Amino acid sequence: MTDALKFQAKNISRVFGHGKKSVTAVDNVTFEIRDREIISLVGQSGCGKTVLAKMLLRLETPTSGELLFNGKPITATGDPRNHWRQVQAVFQDPFSCFNQFFTIRSQLKSSFRLFETKPSPGEIEERVDQALLAVNIKPKEVEGKYPFELSGGQMQRMLLARIFILKPQVLIADEPTSMVDACSRASILDYLLKLKEELSMTIVFVTHDIGLAYYISDSLYIMHKGKMVDRGAPDDVIKHPTSDVTKQLLEDIPDVHRQWIARGTPVHAAE
Amino acid sequence: MTVSAPVRPLEQAASGPTPKPAKSNAVLEVEDLRVHYVTRFGHKIQAVDGVSFSLKQGEILGIAGESGCGKTTLVSGCMGLYIPPLFHTSGDVRIDGKSIVGMTLEQNRKEVLGQKIAMIPQGALNSLNPTRKIKDMAADMILSHDESADKKSINDRLRERFTRIGLDADHVLNSYPVELPAGTKQRCVIGISTLLNPKVVVADEPTSALDVSTQKAVIKLLFELMDQEIISSMLFITHELPLLRHVSSSIAVMYAGEFVEYGTTEQVIFEGRQPYSRALMGSMLSAEPGQKSRKPVAIEGAPPKLDKPIPGCRFAERCPVAQPDCRTTEQVLRIVAGRQVRCKYADTEVVEQVGGGL
Amino acid sequence: MQLVKGLFKIPAFLLGLFLFAATLALAFLGPLVFHVDVSTRVGDPYMAPSAAHWLGTDHLGVDMLSMLVMGLRASLYVGFLAGVVATIVGTLIGVYGGYKGGLLDDILTVLTNLFLVIPTLIVLILLSSSMDKGRSLTLIALIIGGTTWTWSARAVRAQSSSLRARDHVALARINGFSTLEIVLEQILPYLLSYIFMVFILQTATAILTEATISMLGLGPYDSISLGKILNDAKTNEALIGGKWWAFMPAMVLVTVIAFSLYVINTAMEGVFNPRLRK
């Protein structure tokens, strides 16, 4: 493998609680994430994908195993802020991601506190404007607006605008499309691809929808009950699923061309 | 480009909507319904603007559209729930031929809600009160329309119904919500909301917050209840148009308070004649080999606010194939290829440029 | 805003607000209507109410209404100061512990529980009786505040700990906010209505506590308070002598203040606490 590795996880686990009541959210998982690739963590709710994503973000610490970032232990950067300059995230529910007591713009501006040398106020305004334009939002549209005044799709793009400001090496996207409408979903995916192509970002896409994951990613990891049960290039995983979980996930997508739920005796309109 | 995609036939019999409402065997009839609400600043928003449809006994009608298109307001309107700032503007809603608009809320709660029309709450898992036992919440439902019901008859009814929907009635009824697994809770919520055998069940985005597998389980449960004849007719509201392929027999696509396409499931899903419904279909991503190269349709922006009249087509602002005259000519629902469509170019090749590749 | 509007439609809330406003008016606007003077004897001891002295005189012959106004002011002052102290201490400990979790939270919870089992009244009685001359109204308020904050700490901790898991807090963290900034900007604003309710309750509790210890004769040496009026009436045999005006008005006032604040709090809880809201 010649590609540089962004993340390397060796037998990492995350256990919550102690003794009998303990819950293993991530169970002895080994994987790697190559530079400039989009990988997807796919699984049902509660499979451990979000906890795994939070470990990559240093919001959770593995209880065992080794997690390397850029070849060094993830904690080697010391101050977590150094990590967050390089690894950033967008979350599932854009409304709950913003503080309802401050304007959107002021919250976007607060991202600049991560910068080692803070740009001048004028430059900050300019860069916020650029980031908004990058996600196709006219700065005027959101001037003085509070989170609850915007639509779900707009809010999700605000989260992405934050990424355009911070320009991290890695983006963890935790279910960024599950709360937005079908029409906005495709544009969110477009922005992720744009981030990868224009800013050479590595993206970890966390989702329950294997259809989305298949479309966007360069490799797929299927998770179930804390374990990685299937992995590989998207086409391989889709065509030759090795795990029943993968098969189930594929089957559960309400694809319009397939029988989805077999009904016994459908009660239908009798003309 | 061909519009019809290769489809394996399913046994889902499609029963087409009739262009004119008021059929004899209709359970729910909505006639030119207009509903508005008033904002804090006194602006009048016409959130539902002239919607007509009828739902027959045993039929499932899917209503699709993104948030802000008026789906949820339409649901409130159909249930007669005009709670300020929501007001009935004009038009009629009849269940079993009897109008439910113009009732007081009190009257509506007593005679309509739960019995004639019931809603399955959106966050099924969070809608149970954690401090009360399932049987107490279920008993409330019965008592809400029959205050004189005695304890014993309520108990018998609950046990009978909960057994019928496949639950261990004795155990479940005496449990608190936290003691039950998610799947059972879901069954309880749906069981309680349909306790009074409502004529029409409204499922407002029952699956939108769920992962694909749980979504499938919920829909399976709804079908089960239909087969058991606990539920007969249903309005299924969703923003996932493709999902309706498996759920409903007919589909209405809603945009900016109006129906923009209303036809059988086959017509709308596979041969949509309106750019918006075609875009909704095109935004779907499936995990079929070869689909990776297909670019999903993205529509930027959000539905218009409706605080002032829009001169032309309401979708023109976002329509990928809008023509110069779309913004000036008002669009009316007309029949094209056997279904109702609101688009001037519905019968031309223009609309076929949107979506496709399914 | 919708919620606040809803609040003003609840009869109980309006009643509480009216009663509390009335006591405030008596304390601060009263002197504009009638003459308040507690340093001169205006007549014989225990004169019955008359046109000149609406509530008669006390055991020294001082105008009772004047005593009440000054006593009421003192009670409100104690309530307000103790309420502020208890709310601030309780909120800081509760918010911080709830947000941080882990060991720090455990330590703060133990501390809270420790203070919770210390009976405020006994501490106050002990402190008061040992201090005698240094017992000022302010000191009493500070002691009440310093021992009753546990209630707000526990209430706020629970709320804060549920906010901790919210996405905007996670986002603030990866935005590089410090813990203090997160507590101040991301958590406190969401708890404001809640903290206000806690404050009202703490105030009511403090007023009752002060009245109790003053009535026991351990009140402030430097001021009149409603509890002290009751104590004076008790020690000077107003009860036995049937001089109702010497104790009834003070009793009614203490009851009215506490009652109005409790009613306001209950009504607010009904509106702001989603679990009680149906």
Side-chain angles (χ1 to χ4, degrees), chain A residues 43-47 93 136-137 150-154 157 175 177-190 207-217 234-235 237-239 245 248-271, chain B residues 5-8 10-13 15 25 56-60 66-68 208-216 219-220 223 226-227 229 232 239-243 245-247 249 269-270 279-289 291-292 294-303 318 358:
Chain A
Q44 296 169 0
S45 30
C47 72
D93 180 356
N136 227 337
I137 285 177
L150 301 185
S151 74
Q154 278 175 311
R157 277 185 282 161
E175 301 264 17
T177 59
S178 72
M179 304 282 284
V180 298
D181 286 309
C183 314
S184 319
R185 188 163 49 206
S187 64
I188 300 289
L189 296 179
D190 273 349
T207 182
H208 66 261
D209 188 332
I210 199 168
L212 291 184
Y214 171 70
Y215 169 76
I216 197 171
S217 45
D235 273 306
V237 175
I238 299 294
K239 282 180 195 151
V245 177
Q248 192 65 47
L249 284 170
L250 284 167
E251 217 170 83
D252 288 345
I253 300 180
D255 190 307
V256 294
H257 298 300
R258 269 194 337 236
Q259 175 88 42
W260 189 53
I261 292 177
R263 284 188 63 185
T265 42
V267 188
H268 266 304
E271 285 275 354
Chain B
V7 198
R8 264 172 277 156
L10 301 186
E11 66 263 61
Q12 229 162 5
S15 68
N25 62 345
K56 289 191 267 303
Q57 180 72 32
E59 188 187 355
I60 305 179
E66 68 200 297
S67 47
S208 61
L210 307 173
D211 66 43
V212 281
S213 308
T214 322
Q215 161 177 297
K216 191 171 178 179
I219 290 169
K220 259 188 178 158
F223 283 171
M226 284 195 102
D227 294 345
E229 292 180 351
S232 56
H239 67 262
E240 300 277 1
L241 179 56
L243 178 66
R245 160 77 172 112
H246 306 280
V247 175
S249 43
I269 297 277
F270 295 111
L280 283 179
M281 280 309 297
S283 64
M284 186 194 69
L285 289 158
S286 67
E288 294 287 302
Q291 288 283 305
K292 203 169 164 63
R294 188 180 69 86
K295 200 166 162 42
V297 180
I299 323 171
E300 298 258 327
R318 297 167 72 198
L358 270 170

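None of these values were measured; they are calculated from a predicted model. Lettering follows sequence order; numbering is per chain, from 1.
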Please flag which part of [X] lies under 4.5 Å from any non-hydrogen atom of chain B: side chain, backbone, both or neither.
X        : result
A:Ile210 : both
A:Asp190 : side chain
A:Val180 : backbone
A:Gln154 : neither
A:Ser217 : backbone
A:Leu212 : both

Chain B interface, residue from A:Asn136, A:Leu249, A:Ile137 that has the most non-hydrogen pairs under 4.5 Å: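 The candidate making the most pairs under 4.5 Å is A:Asn136.
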Between CG on residue B:Leu243 and CG on residue A:Asp255, distance to nearest 0.5 Å: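 The CG atom of A:Asp255 is 12.0 Å from CG of B:Leu243, to the nearest 0.5 Å.
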From A:Ser178 atom OG to A:Asp209 atom CG, the distance as rounded to the nearest 0.5 Å: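 These two atoms lie 9.5 Å from each other.
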Choice from B:Lys216, B:Arg318, B:His239, B:Glu66 maximising heavy atom contacts with chain A below 4.5 Å: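 That would be B:Lys216.
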Among B:His246, B:Glu240, B:Arg245, the one residue meeting side chain to side chain contact (heavy atoms under 4.5 Å, CB included) with A:Pro254: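 Filter result, single survivor: B:His246.
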Set of residues satisfying side chain to side chain contact (heavy atoms under 4.5 Å, CB included) with respect to A:Ala186, sequence neighbours excluded: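 Side chain to side chain contact (heavy atoms under 4.5 Å, CB included) list for A:Ala186, sorted by chain: B:Pro296, B:Ala298.
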Contact class of B:Leu241 relative to chain A, heavy atoms under 4.5 angstrom: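 Contact with chain A is absent: no heavy atom of B:Leu241 under 4.5 Å.
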Worked verdict on A:Tyr214 versus A:Asp235 for side chain to side chain donor-acceptor pair (under 3.5 Å): CA-CA 8 Å; A:Tyr214 171 70; A:Asp235 273 306; 2.7 Å; yes
Flag side-chain contact, heavy atom, 4.5 Å: A:His208 against B:Val212: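 With C-beta onward as the side chain, the pair touches.
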Shortest non-hydrogen contact from B:Phe270 toward A:Val256: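 That closest heavy-atom pairing would be CZ-O, 3.5 Å.
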